Amino acid sequence: MKQADQNNDDAVQAPPLLRELTDMTRRRMAAEAQVLPLPSKTRIFTISNQKGGVGKTTTVVNLASALAKYGARVLVIDLDPQGNASTALGVEHREGTPSVYDVIVGETPMEDVVQHSPEAEGLFCIPATIDLAGAEIELVSMVAREQRLSRALQEYLSEVDFDYVFVDCPPSLGLLTINAFVAATEVLIPIQCEYYALEGLSQLLKNIQLIEKHLNPKLKLSTIILTMYDQRTNLAHQVAADVREHFPKETLDTVIPRSVRISEAPSYGQSVITYDYGSSGSLAYLEAAVEIARRGVPR
Ligand SMILES: Nc1ncnc2c1ncn2[C@@H]1O[C@H](COP(=O)(O)OP(=O)(O)OP(=O)(O)O)[C@@H](O)[C@H]1O
Ligand SMILES: [Mg+2]
């Protein structure tokens, strides 16, 4: 018998836990062996879903950290007054800290508020503070109110190189989210594998189309990522199958499992990759990063 067949046979006969461990070891070795291509132009993602708590921030933080660990230069813009992405990336964002608020409502250049994240060498964050909570209202009467983030980002990118930019949005469609849509070239939607997952999605897609038509012709839904996947439930399988049927090209093969380690990491000001490198959640986000980098920009 050839060595490969022998290994295969071992895996089939092994008890489930051992099989899972063998599988994870194999996947981890594959993920670690990857050398990722860097994009020729900065890829700017907005992570959006007006549903709350579906894993937007978790996805931003962990994908950004994973890509940075693969050697990319990555910028995270926290556009949610809750400041969860800033917390998880271990950057200062107490009230009064120079932040994305000063960039959007004031005219402070991004380079004056950007902070390095201790997560990885090439990872930077523009933090959000609670000051941003008033920005939705302040923006209403401002000139170019939909383009303020985009202009500031383009100015910054003309001086500093980044491979990826991720904008973490609040769970609502207000002027902050619209600013993110106008600044981005790609939309990434995290979908939680639960019963109401697809509800509200058609409205989100309509909004993306409206933005594309009126404010940003470059915007495209490029990526859907299934989050908080519990493989023991039929419901999760069903939701995943539905999403794949509707969005076969956009949906990543990688699914993010429901994992306690993923939810614990932010309270240590870390991504799950730094917090518990050997966990299944860390592996899944590394694999998702590989997929995004390998797929490249959709045509
Ligand atoms: N794969 C996962 N496994 C377990 N818990 C998770 C996972 N992904 C996210 N969570 C937890 O679920 C909660 C919501 O996640 P997250 O904050 O990323 O969602 P969100 O869409 O950004 O929320 P909001 O709409 O409030 O901004 C958090 O407590 C987070 O730690
Ligand atoms: Mg969030």
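This structure is a prediction, so every number in the text was calculated from the model and none was measured. Remember, it's 1-based here, ligands and their atoms both numbered in the order they're listed.
At the top of the distance list for atom 15 (O) of ligand 1, counting protein heavy atoms only, stands Thr58 OG1, 3.7 Å. In this structure, atom 19 (O) of ligand 1 lies nearest to the protein heavy atom Gly55 N, 3.0 Å. The nearest heavy-atom contact from the protein to atom 26 (O) of ligand 1 is Gln82 NE2, 3.4 Å. Of the protein's non-hydrogen atoms, the one nearest atom 20 (P) of ligand 1 is Lys56 N, 3.5 Å. For atom 24 (P) of ligand 1, the closest non-hydrogen atom on the protein side is Gly53 N, 3.5 Å. At the top of the distance list for atom 4 (C) of ligand 1, counting protein heavy atoms only, stands Ser259 O, 3.1 Å.
Taking the charged nitrogens against the carboxylate oxygens, Glu291 and Arg294 have no contact shorter than 4.0 Å, which rules out a salt bridge.
Short contacts between ligand 1 and Ile256, defined as distances under 4.0 Å to a heavy atom of the residue, involve ligand atoms 1 (N). Of all atoms in ligand 1, listed by their number and element, those nearer than 4.0 Å to a heavy atom of Ser263 are 5 (N), 31 (O). Ligand 1 places these atoms under 4.0 Å from at least one heavy atom of Met228: 1 (N), 2 (C), 7 (C), 8 (N), 9 (C), 10 (N), 12 (O). Within ligand 1, the atoms closer than 4.0 Å to a non-hydrogen atom of Gly52 are 25 (O), numbered from 1 in the order shown. In summary, the atoms of ligand 1 found under 4.0 Å from a heavy atom of Asp80, numbered by their order in the structure, are 27 (O).
Taking the six-membered ring for Trp and thresholds of 30 and 60 degrees, Phe166 and Phe45 have nearly parallel ring planes, at less than 30 degrees apart. In this structure, His237 and Tyr229 have perpendicular ring planes: the angle between them is above 60°, well past the 30° mark.
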Where do Glu287 and Thr254 land on the side chain to side chain donor-acceptor pair (under 3.5 Å) test, with the steps shown first?
CA-CA 7 Å; Glu287 289 176 330; Thr254 306; 4.8 Å; no
Going through the distances and angles, do His93 and Ser99 end up as a side chain to side chain donor-acceptor pair (under 3.5 Å)?
CA-CA 8 Å; His93 67 105; Ser99 71; over 6 Å; no
Intermediate values then yes/no, salt bridge (charged side-chain N to carboxylate O under 4.0 Å, His left out), Arg73 and Asp163:
CA-CA 5 Å; Arg73 278 180 56 84; Asp163 300 303; 6.0 Å; no
Give the intermediate values and the outcome of side chain to side chain donor-acceptor pair (under 3.5 Å) for residues Ser65 and Glu119.
CA-CA 7 Å; Ser65 170; Glu119 271 291 306; 2.8 Å; yes
Quick one, Thr274 with Lys69, criterion side chain to side chain donor-acceptor pair (under 3.5 Å). Give me CA distance, side-chain angles, the key distance, then yes/no.
CA-CA 10 Å; Thr274 314; Lys69 287 189 196 298; 3.1 Å; yes
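Protein heavy atoms all stay at least 4.0 Å away from atom 29 (O) of ligand 1. Atom 13 (C) of ligand 1 is never approached by the protein to below 4.0 angstrom, counting heavy atoms only. In this structure, atom 7 (C) of ligand 1 is in close contact with the protein, since a protein heavy atom lies within 4.0 Å of it.
In Arg295, the CZ atom is crowded: over 12 heavy atoms of neighbouring residues, nucleotides or ligands sit closer than 6.0 Å. Annotation: Glu121, atom CD; neighbour count of heavy atoms from other residues, nucleotides and ligands within 6.0 Å does not exceed 12. A 6.0 Å sphere centred on OH of Tyr268 holds no more than 12 heavy atoms belonging to other residues, nucleotides or ligands. Heavy atoms from other residues, nucleotides or ligands lying under 6.0 Å from CD of Glu92 number more than 12.
Taking 2.8 Å as the threshold, Gln82 does not count as a candidate ligand of the Mg ion (ligand 2), since none of its N, O or S atoms lies below it.
Residue contacts with ligand 1: Pro257 is included, with a non-hydrogen atom under 4.0 Å away. Heavy atoms of Thr227 stay at 4.0 angstrom or farther from ligand 1. Under a 4.0 angstrom heavy-atom cut-off, Val54 registers as being in contact with ligand 1. Look at Gly281 and you'll find every heavy atom at least 4.0 Å from all atoms of ligand 1. Within the 4.0 Å heavy-atom shell around ligand 1 one does not find Glu264.
Using modelled atom types and a 3.5 Å distance limit, the side chains of Tyr275 and Glu264 yield a donor-acceptor pair.
The backbone and the side chain of Thr57 each have at least one atom closer than 4.0 Å to an atom of ligand 1 (non-hydrogen atoms only).
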